[in-house]
Asker: 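Sharing a structure, written as structure tokens. Questions coming.
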Amino acid sequence: MYESFYGLNNRPFQLTPDPEFFFASKLHKRALSYLEYGLSQSEGFIVITGEIGTGKTTIANSLLSDINHDDIVSAQIVTPKLSPDELVRMVASKFSVDIKGQTKTETLGALEQFLIQLQQQGKRALLLVDEAQNLPLESIEELRMLSNFQVNGKPLLQSFLLGQEELQDIIKAPNMEQFRQRIVASCHLTALSEEECKNYIEYRLHHAGWNGSSLFSDGAFQAIFKFTGGVPRRINTFVDRALLFGFLEELEFLDADDIEALTKEVADEMFVQKDAPLQEANVAPDIKDVDYYKSMLLELVDTLDNTINQKIKLTRYIDKLLKKKYKTYIRLKSD
């Protein structure tokens, strides 16, 4: 809607990750370098973690758009909570391996044969796992087992894992030592700095066809950074709305006052708490504040539930390992 008003070729702040709009901050450059380094090693795992909306998927898409697809056959999965069996079937399916009606053992055999055929053709396979923090420990262990497919000591499958901060806790679990030893490099993404936030906005504007002077004042950039916290996805959402606001108000330049007016308008929509004066004692809070805190508590409860579920899964997994070791001990003792 606002594209023609500002002389843009397309929308510069869409939420869908687009490698053509990839902006390399210092940390993003480092993460991409790790991915490229890992790719050159042809083995092991690369792990990229980061807060929600910091650009992990955009980095992955940027990498996939640049690789030589004549040499590397890639597959990307976004993981819900897949069991080990479901994960194996998903990986095989993403590489277009025919596994209809096959057992897990047969599926693994078909997948290995596919990977061997790639190797014979001078190619190799790359698996990119997004939202990897959703995988149970057993499924991450299954990924490690898939990395054991080799020919003449050369791995047939390499995997990159992208996930939120919880993935770090999963990998640090005591029984994940073998997996950790396979990690070639890891990196954690954080929000952009204030300067990077400004550069990010200007980069995407110019990439979308903007060729004028700055569209935002320095004060406007500061206000945008303050409101979004430098998180790329939130920047995209807010600046897209700012450009729509500017179009509707017929503003060819947006200053700090314009951005402040917009923040008041969209704060509730983006779940950002508005600044409010301290309330006097014994004065009932505003109903909007109550709703805000209720939603915040519900999000906290969901987060705690997910953490507890991961702990329970870890405990059950360790319990299984202990039972197996105990049975082995009893058998050896009886022998």
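This chain uses plain numbering: 1 for the first residue, then up along the sequence.
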Asker: Side chains of Val239 and Ile224: closer than 4.5 Å at any heavy-atom pair?
Answerer: yes
Asker: Does any part of the side chain of Tyr200, heavy atoms only, come nearer than 4.5 Å to the side chain of Ser25, both counted from C-beta?
Answerer: no
Asker: Who passes salt bridge (charged side-chain N to carboxylate O under 4.0 Å, His left out) against Arg89, sequence neighbours left out?
Answerer: none
Asker: Look at the rings of Tyr6 and Trp210 and say which category their plane angle falls in: under 30° parallel, 30 to 60° tilted, over 60° perpendicular.
Answerer: perpendicular
Asker: CD1 of Ile52 to CG of Leu189: how many Å apart, nearest 0.5 Å?
Answerer: 13.5 Å
Asker: So, for Gly153 and Pro155, which heavy atoms are closest and what is the spacing to 0.1 Å?
Answerer: O-CD, 3.8 Å
Asker: Same cluster for Phe149 and Ile99 if Ile/Leu/Val/Met/Phe/Trp/Tyr side chains link at under 4.5 Å?
Answerer: yes
Asker: Show the numbers, then the answer: is there a side-chain contact (heavy atoms from CB on, under 4.5 Å) between Ile77 and Leu87?
Answerer: CA-CA 9 Å; Ile77 61 176; Leu87 177 65; 3.8 Å; yes
Asker: Who passes salt bridge (charged side-chain N to carboxylate O under 4.0 Å, His left out) against Lys94, sequence neighbours left out?
Answerer: none
Asker: Measure the spacing between CG of Leu167 and OG of Ser186 and express it to the nearest 0.5 Å.
Answerer: 10.0 Å
Asker: Less than 4.5 Å apart, any side-chain heavy atom of Cys197 and any of Ile235?
Answerer: yes
Asker: Measuring only between side-chain heavy atoms, which start at C-beta, is Leu215 closer than 4.5 Å to Ile201?
Answerer: no
Asker: Between CE of Met90 and CG of Leu82, what distance do you get to the nearest 0.5 Å?
Answerer: 5.0 Å
Asker: Side-chain contact test, heavy atoms from C-beta onward, threshold under 4.5 Å: evaluate it for Val78 versus Thr57 and give yes or no.
Answerer: no
Asker: Kindly assign one of parallel, tilted or perpendicular to the pair Phe5 and Phe247, based on the angle between their ring planes and the thresholds 30° and 60°.
Answerer: perpendicular
Asker: Applying a strict under-4.5 Å side-chain criterion to I, L, V, M, F, W and Y, I'd like to know whether Leu157 and Ile46 cluster together.
Answerer: no
Asker: Can you pull the salt bridge (charged side-chain N to carboxylate O under 4.0 Å, His left out) pairs that have at least one residue in residues 247-258, sequence neighbours excluded?
Answerer: none
Asker: Is it true that a side-chain atom of Tyr203 and a backbone atom of Phe22 form a donor plus acceptor pair closer than 3.5 Å?
Answerer: yes
Asker: Could you pull out the closest heavy-atom pair between Pro12 and Tyr2, with the gap in Å?
Answerer: CD-OH, 3.8 Å
Asker: Applying the 4.5 Å side-chain criterion to the ILVMFWY set and letting contacts propagate, would Phe221 and Leu254 be lumped into a single cluster?
Answerer: yes
Asker: Can you run down the side-chain hydrogen bond (donor to acceptor under 3.5 Å, both in side chains) pairs that involve residues 30-40, sequence neighbours left out, and say none if there aren't any?
Answerer: none
Asker: Are Leu192 and Asn199 close enough, and set up right, to give a side-chain contact (heavy atoms from CB on, under 4.5 Å), and what steps lead you there?
Answerer: CA-CA 10 Å; Leu192 303 177; Asn199 294 338; over 6 Å; no
Asker: Would you check if the side chain of Gln158 reaches a backbone N or O of Gly38 as a donor-acceptor pair within less than 3.5 Å?
Answerer: yes
Asker: Using salt bridge (charged side-chain N to carboxylate O under 4.0 Å, His left out) as the criterion, list what pairs up with Arg144, not counting sequence neighbours.
Answerer: Glu141
Asker: Any side-chain heavy atom of Phe238 sitting closer than 4.5 Å to one from Leu262?
Answerer: yes
Asker: Suppose the criterion is side-chain hydrogen bond (donor to acceptor under 3.5 Å, both in side chains): which pairs have a residue in residues 45-55, not counting sequence neighbours?
Answerer: Thr49-Gln168, Thr49-His188
Asker: Taking side-chain hydrogen bond (donor to acceptor under 3.5 Å, both in side chains) as the definition, give me every residue that meets it alongside Arg233, ordered by chain and number, with sequence neighbours left out.
Answerer: none
Asker: Name all residues meeting the salt bridge (charged side-chain N to carboxylate O under 4.0 Å, His left out) criterion together with Asp98; count only those two or more places apart in sequence or in a different chain, and write none if there are none.
Answerer: none
Asker: Which class fits the ring pair Phe45 and Phe179: parallel under 30°, tilted 30 to 60°, perpendicular over 60°?
Answerer: tilted
Asker: A quick test of your reading: do over 12 heavy atoms of other residues, nucleotides or ligands sit less than 6.0 Å from NZ of Lys104?
Answerer: yes
Asker: Looking at Phe13 and Leu205, what are the two nearest heavy atoms and their distance?
Answerer: CE1-CD2, 3.8 Å
Asker: Just to verify, what does Gln102 make a side-chain hydrogen bond (donor to acceptor under 3.5 Å, both in side chains) with, not counting sequence neighbours?
Answerer: none
Asker: Dump the intermediate steps for side-chain contact (heavy atoms from CB on, under 4.5 Å) on Leu135 and Leu161, then the final yes or no.
Answerer: CA-CA 11 Å; Leu135 287 175; Leu161 271 62; 5.7 Å; no
Asker: Quick one, Arg241 and Glu265 - any side-chain contact, counting heavy atoms below 4.5 Å?
Answerer: yes
Asker: For the OG1 atom of Thr107 and the CG atom of Leu111, what is their distance to the nearest 0.5 Å?
Answerer: 8.5 Å
Asker: For the residue pair Val73 and Phe95, what are the closest heavy atoms and their distance?
Answerer: O-CE2, 3.5 Å
Asker: Please examine the side chains of Val97 and Glu112, heavy atoms only from C-beta on, and report whether any two atoms are closer than 4.5 Å.
Answerer: no
Asker: Could you walk me through whether Ser159 and Leu146 pass the side-chain contact (heavy atoms from CB on, under 4.5 Å) test, one step at a time?
Answerer: CA-CA 9 Å; Ser159 298; Leu146 292 178; over 6 Å; no
Asker: Can you tell me how far apart CD1 (Ile72) and CG (Leu63) are? Round to the nearest 0.5 Å.
Answerer: 8.0 Å
Asker: Not counting sequence neighbours, list each pair that qualifies as a salt bridge (charged side-chain N to carboxylate O under 4.0 Å, His left out) and has a residue in residues 178-190.
Answerer: Glu177-Arg180
Asker: Considering residues, nucleotides and ligands other than Glu195, do more than 12 of their heavy atoms fall under 6.0 Å from its CD?
Answerer: no
Asker: Please enumerate all residues that pass ring pair (Phe, Tyr, Trp, His ring centres under 6.0 Å) together with Phe225, with sequence neighbours excluded.
Answerer: none
Asker: Mark yes or no for whether Glu166, through its side chain, and Gln133, through its backbone, hold a donor-acceptor pair below 3.5 Å.
Answerer: no
Asker: Where the side chain of Thr263 meets the backbone of Glu260, is there a donor-acceptor pair that is under 3.5 Å apart?
Answerer: yes
Asker: When rounded to the nearest 0.5 angstrom, what is the spacing between CG in Asn10 and CD in Glu3?
Answerer: 7.5 Å
Asker: With clusters defined by side-chain heavy atoms of hydrophobic residues (ILVMFWY) lying less than 4.5 Å apart, directly or transitively, does Ile48 cluster with Val231?
Answerer: no
Asker: Under the salt bridge (charged side-chain N to carboxylate O under 4.0 Å, His left out) rule, what pairs show up with a residue in residues 196-208, not counting sequence neighbours?
Answerer: Lys198-Asp218
Asker: Do you know which two heavy atoms are closest between Pro84 and Ser139, and how far apart they sit?
Answerer: N-OG, 3.2 Å
Asker: Grab the two heavy atoms, one from Ala256 and one from Ser217, that are nearest each other, plus how far apart they are.
Answerer: N-OG, 3.5 Å
Asker: Say whether Val88 and Phe160 are linked into one hydrophobic cluster, either directly or through other cluster members, by side-chain heavy-atom distances under 4.5 angstrom.
Answerer: no
